[in-house]
Protein chains: 2
Amino acid sequence: MPKRSKKSTILSMATLLFATKGFTNTSMTEVASMADIAGATIFYHFKTKEDLFVSVLESVKTGIVKEFSLYFQEEQFTSGLEMLLGAVAYHLHLATANREWFLLLRRHYTYELAVVNPICRKYLEDIYTCLVDIFEKALDLGQQDGSINQDLSTRKTALIILAMVDGIIQLESNNLYNAGALYGELIVSCRRMVENKQ
Amino acid sequence: MPKRSKKSTILSMATLLFATKGFTNTSMTEVASMADIAGATIFYHFKTKEDLFVSVLESVKTGIVKEFSLYFQEEQFTSGLEMLLGAVAYHLHLATANREWFLLLRRHYTYELAVVNPICRKYLEDIYTCLVDIFEKALDLGQQDGSINQDLSTRKTALIILAMVDGIIQLESNNLYNAGALYGELIVSCRRMVENKQ
DNA sequence: GTACTAACTGACTAGTCAGTCAGTTTGGAA
DNA sequence: TTCCAAACTGACTGACTAGTCAGTTAGTAC
């Protein structure tokens with residue numbers, strides 16, 4: 001049995017619960033019972049509930065950054081446009097494969113805490129910077145190789161694409177429409193939005 | 001003094017609090033003290049806290065539907081494309097002017113309740129139907145008058161545009177970027193995405 | 001005035017929750 | 001074995017919350 005198994009069990013159970021039920025609706029007792037430990041044990045590893053949440057966010061940040069850097073180490077792209085569309089598709093894929101991560105990023109508490117807790121704010125900014133920079137880099141590359149419309153502001157367009165992808169992920173998890181059917185259409189729409197039409 | 005002033009005061013205070021603090025983090029005591037009434041009075045007008053929330057959602061639904069129908073009664077458009085872009089701009093405008101409405105629509109509790117409460121679900125569907133239908137109608141019109149790309153599925157594209165607009169509104173309220181600066185860019189991006197390029 | 005009802009209230013209850021603390025268990029070093 | 005610190009625990013507390021209820025007030029019809 002690995003040494004820090006209980007601490008990491010707490011972390012992963014807390015991730016799941018904070019993501020699916022939210023901060024306030026998740027009780028420490030619940031986290032403890034899911035991790036099969038005594039309630040007080042959590043407070044040995046994490047000073048407060050807020051502290052636990054920030055640790056969860058840190059692990060999410062680490063996960064997201066790692067996944068994206070792995071992806072871009074392995075993949076090769078024929079153009080900036082293809083790289084952008086690949087990044088969008090990978091973002092959508094990650095949001096399905098690691099649903100809790102992106103659920104947590106949609107929780108209001110995350111942003112409310114970021115206002116008063118600088119560490120939380122830093123992790124959040126790191127995550128968004130990672131996501132936006134990938135899109136921006138692809139757009140820059142595409143403007144150089146001619147696959148992306150030259151008139152675009154790459155920064156602003158990167159933000160709009162991020163908002164678009166997030167919006168679709170959100171629409172899906174709202175259970176009102178089956179947005180999964182929209183993933184293909186989203187890629188096509190992105191292409192129409194940024195490609196260099198001659 | 002109008003007859004139902006206390007009930008409607010409760011409703012508007014609850015709207016504000018549920019939207020900005022969320023359902024769980026808003027206590028009935030808090031609503032009561034903001035409305036300057038005794039705590040028990042709320043339970044005279046609304047059976048439970050959940051009942052109050054559903055009433056709040058109903059008033060938001062009524063407000064959104066009314067605002068959009070007013071807008072389209074007054075405005076005239078030269079093409080389907082212009083109508084679409086006008087609707088997007090008006091959506092963005094409403095999200096600023098009636099911030100609580102759209103904050104409430106981003107709260108997780110709203111969608112969690114919709115799973116178990118059919119009335120809540122109905123109001124939510126009414127709101128989304130209203131928003132999507134406007135975009136879809138504009139796209140249909142644009143395909144007829146030639147201003148919109150004929151290859152588009154108007155339904156799917158309407159959903160994507162809604163996701164995009166919601167995503168931008170969300171990005172703004174997250175306090176990480178000043179997305180207000182993106183409103184103009186968003187309209188331009190929408191145009192590029194759907195216009196009929198010859 | 002009287003009678004009646006709708007609107008309203010203060011005091012209360014039963015339950016939940018984050019966090020504390022004094023004490024026990026565990027694992028490894030000497 | 002002995003010792004020690006880190007890991008862990010059960011029992012507790014004070015603060016807070018949704019909802020109840022018996023009773024009071026305000027408005028209206030006669």
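Chain letters run A, B, ... following the sequence lines, proteins first and then strands; every chain starts at 1.
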Engineer: Under 6.0 Å from the CZ atom of B/Arg99, do we count more than 12 heavy atoms belonging to anything else shown?
Structural biologist: no
Engineer: In whole Å, I'd like the distance from the CD1 atom of A/Ile10 to the C1' atom of D/dC8.
Structural biologist: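 After rounding, the gap between these two atoms is 10 Å.
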Engineer: So if I define the base as every atom that isn't primed, P, OP1 or OP2, how would nucleotides 10-21 of chain C read as a B/S/- string at a heavy-atom cutoff under 4.0 Å?
Structural biologist: B------SSBBB
Engineer: Let's go through B/Asn196 and B/Ser147 carefully: what are the C-alpha distance in whole Å and the side-chain angles of both, what is the deciding distance for side-chain hydrogen bond (donor to acceptor under 3.5 Å, both in side chains) to 0.1 Å, and is it a yes or a no?
Structural biologist: CA-CA 5 Å; B/Asn196 195 7; B/Ser147 58; over 6 Å; no
Engineer: B/Tyr90 and B/Glu75: side-chain hydrogen bond (donor to acceptor under 3.5 Å, both in side chains), yes or no, with the steps?
Structural biologist: CA-CA 11 Å; B/Tyr90 193 65; B/Glu75 291 288 323; over 6 Å; no
Engineer: Quick check: does any side chain N or O of A/Asp51 sit under 3.5 Å from a backbone N or O of A/Lys47, one acting as donor and the other as acceptor?
Structural biologist: yes
Engineer: Look at the side-chain N and O atoms of A/Lys6 and state whether any lies under 4.0 Å from the OP1 or OP2 oxygen of C/dT25.
Structural biologist: no
Engineer: Is the shortest distance from a Lys or Arg side-chain nitrogen in B/Glu112 or A/Lys21 to a carboxylate oxygen in the other one below 4.0 Å?
Structural biologist: no
Engineer: Indicate whether OP1 or OP2 belonging to D/dA7 is found under 4.0 Å from a side-chain N or O atom of A/Tyr44.
Structural biologist: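 So the side chain of A/Tyr44 is within the cut-off, an N or O lying under 4.0 Å from OP1 or OP2 of D/dA7.
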Engineer: Assign the ring pair A/Phe68 / A/His91 to parallel, tilted or perpendicular, where the plane angle (0 to 90°) is split at 30° and 60°.
Structural biologist: perpendicular
Engineer: Quick check on C/dC8: is either OP1 or OP2 less than 4.0 Å from any side-chain nitrogen or oxygen of B/His45?
Structural biologist: yes
